[in-house]
Amino acid sequence: MRKEAVSRTERPSRADVIIVGNGALGLFLADELVERRVGSVVVVGPSGREGGASQAAGAMLGCFGETTTESLRTDASRTRFELGVAAHDRWPDVLGRLEGYSSTGSPLLVAPDSHVVLNSIGADLDTVNFTAMIEALEEYGKPWEEIDPREIPGFRPRLDTRALRAVHLPAEGAVDARGVLDALEARLRETDTIMIDQTVRTLVRDDGAVTGVELDDGHVIEAGTVVVAVGARSEALVRTALDDLDMVPTFPGLGFAMLARRTGGEPFRSVVRTPNRGFACGLHVVPGPGDLEYYGATNRLVDQVSSVTWMADVRFLAQYSMQQLDERVASHEVTRWLAGNRPVTLDGFPLIGWLPLSGLYLLTGTYRDGFHCAPLLAEHVANELQGKPGTIDPMFRPTRAPIETRTIEWSVNEYVEHNLAAWFETGAEAAPQMTTAQIADYYRTMAMKFYDTMDIDYALGPDILWYAQGSLLGARRVARYFHRLSGRSGSRPVGAGAGEARR
């Protein structure tokens, strides 16, 4: 039976655990700790979550729909992928626990299934990732079925961007991200958990330990343990106490999405998406509560966390939703613009574990997997906070060297593939006599010049390479990190075992 909610607005002077961050990772961890009765828990984060990834998420519960050629190519990538597989199995229980706290009037599970479509507007990257998805589904014994794209409810693209193939994933749907966050908060309000509508200015350090946090207004809360889970802002906060830590850098991945009210035509009843492509997770639509639909696709690494997006991304999302998903989108009424910053680590792997200062724990770097994996990671972190064995591979510890999963040659080829996918999806034009091979050579030359100039032997992922190649600040951050790393013995990138290629 649901208890009456208790309003808690006080700011204590002490807590057993302070969680800095009120996104999916922070709230699911708080819920797990309360269930385990670990003591007093305080969650600090602005109620609007401005710039946070969770409040802007599409919250697709899809690990196989996100599969790329890189997902299972190395041991390290496979370990990360299987976090998503394991997390997926926890969501039915999660939704059963939270449904009674929802205030939306609609089920938190907004779509029970997904359709992944392969259309002709991208490039070879779409095709190879589509194939990799089917191979992964077969390897892990998950249900799927190839269907006629014309049978997908609501899917009415323009004829010149019609789908060539489509796969139905009956076990991969989506949840209402904002509804889940609100339900978690409502559930926590019925406990002794205190949620403070502020941000943390700095971590409080006493010799070799973090002993609490200082809020923006100067109020200090002492704690036995502080968990930093503020996404793309986590590294900067950690450095208020550990400025000289050689932690794998994290960059903000700015994503833009919109909630729109359907004004006519057949509504979508499932997630409909393309494969991952062009530095992002593919174009997608997620049915929302009521008559709303969520449209997303963009990803742009930036120098600083931002709560606004570029006009080019607005144009991209609107135009290609109309072309590739449903022509009727043109008359939809946009009710909310969403901008969030994903925490993107330099090596593409999360940062989870204890930091060198006693009492300080880091939970970030989950990129696009944070919302989906939050219930699983909450169990792992709660175990570690209680001194119990963790439930995930320790390779993701934040004090590691960067994990290697590719060669420089592989990195350059990936960069070219992603740029070609973006080139053709956006309808970029070249001189009539210019061939695709010449465009590819242009991007290949840019990437090789970058590596020669930077003088590093670590192979970057395509999104990090795109960002560092185009941002002077980004290039300097990458160069400084590797030059410091090369000057310290025993700090070479991790390649053997964890990152070793399977094929």
Side-chain angles (χ1 to χ4, degrees), residues 50-51 53 55-60 110-111 114-123 126 149 152-163 174 176-178 253-302 306-342 368 418-419 421-429 463 466:
E50 185 175 357
Q55 55 82 30
M60 293 179 285
V110 291
S114 296
H115 291 89
V116 183
V117 298
L118 176 64
N119 60 29
S120 60
I121 199 169
D126 296 53
I152 302 173
F155 182 59
R156 298 294 180 267
R158 276 181 22 171
L159 291 180
D160 58 346
T161 63
R162 64 192 181 278
D176 173 12
R178 289 142 295 280
L254 180 61
F256 168 70
M258 57 188 178
L259 284 174
R261 179 173 290 109
R262 176 168 286 275
T263 58
E266 182 183 15
F268 289 98
R269 295 199 292 271
S270 69
V271 172
V272 180
R273 57 167 298 160
T274 68
N276 282 20
R277 67 183 180 194
F279 308 102
C281 59
L283 185 67
H284 56 271
V285 57
V286 178
D291 57 357
L292 297 179
E293 293 174 346
Y294 172 103
Y295 292 86
T298 71
N299 181 50
R300 183 187 299 275
L301 270 64
V302 292
S306 174
S307 59
V308 297
T309 194
W310 294 16
M311 185 67 77
D313 290 341
V314 177
R315 175 254 184 188
F316 171 92
L317 184 57
Q319 178 176 342
Y320 298 118
S321 294
M322 297 174 203
Q323 290 181 349
Q324 299 181 51
L325 295 172
D326 181 10
E327 291 181 290
R328 294 295 297 265
V329 169
S331 61
H332 281 16
E333 299 171 347
V334 177
T335 63
R336 187 173 176 183
W337 307 98
L338 300 166
N341 296 263
R342 308 174 183 94
R368 292 191 292 262
H418 280 258
N419 272 294
W423 177 283
F424 288 108
E425 183 178 14
T426 57
E429 295 183 0
D463 43 5
W466 177 88

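Of all heavy-atom pairs spanning A339 and S307, the tightest one is CB-O, 3.6 Å. Residues D126 and P275 approach most closely at O-CG, 3.7 Å, considering heavy atoms. Of all the heavy atoms in P267 and E293, the pair that sits closest is CA-OE2, 3.8 Å. A pairwise comparison of heavy atoms in A56 and G340 identifies CB-N, 3.7 Å as the closest pair. Contact detail for G58 and A174: the closest heavy-atom pair is O-CB, 4.3 Å. Of all heavy-atom pairs spanning R336 and L338, the tightest one is NE-CD2, 3.3 Å.
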(request) Take R262 and H332 through the side chain to side chain contact (heavy atoms under 4.5 Å, CB included) test and state the conclusion after the steps. (result) CA-CA 5 Å; R262 176 168 286 275; H332 281 16; 3.7 Å; yes

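Contact check for T274 versus E425: no side-chain heavy atoms found under the 4.5 Å cut-off. Residues P287 and R269 fail the side-chain proximity criterion, which asks for heavy atoms closer than 4.5 Å. For the pair R328/R156, no side-chain contact is recorded, criterion being any heavy-atom separation below 4.5 Å from C-beta on.
Among residues two or more places apart in sequence or in another chain, the side chain to side chain contact (heavy atoms under 4.5 Å, CB included) test is passed with F424 by A123, L420, T436. Listed by chain and number, the residues in a side chain to side chain donor-acceptor pair (under 3.5 Å) with R261 are D291 (sequence neighbours excluded). S120 pairs by the side chain to side chain donor-acceptor pair (under 3.5 Å) definition with nothing, not counting sequence neighbours. A search for salt bridge (charged side-chain N to carboxylate O under 4.0 Å, His left out) contacts involving R158 returns D160, not counting sequence neighbours. Applying the side chain to side chain contact (heavy atoms under 4.5 Å, CB included) rule to H284 yields the partners M60, R273, C281, V286, Y294; only residues at least two apart in sequence or on another chain are considered.
The CG atom of L292 lies 12.5 Å from the CE atom of M258; values are rounded to the nearest 0.5 Å. Rounding to the nearest 0.5 Å places CD of Q324 at 4.5 Å from CG of N119. Annotation: the span from D463 atom CG to F279 atom CZ amounts to 8.0 Å, rounded to 0.5 Å. To the nearest 0.5 angstrom, R162 atom CZ is 12.0 Å from I121 atom CD1. Considering CG of L325 and OH of Y320, their distance stands at 13.0 Å, rounded to 0.5 Å. Rounded to the nearest 0.5 Å, atoms CZ (R277) and CG (L283) are 6.5 Å apart.
A parallel orientation is assigned to the rings of W337 and F256, their planes being inclined by less than 30° (bins at 30° and 60°).
Residue pairs satisfying the salt bridge (Lys or Arg N to Asp or Glu O under 4.0 Å) criterion with at least one member in residues 312-322, sequence neighbours excluded, are listed as follows: R300-D313.
Other residues, nucleotides and ligands place more than 12 heavy atoms under 6.0 Å from the CD atom of Q55.
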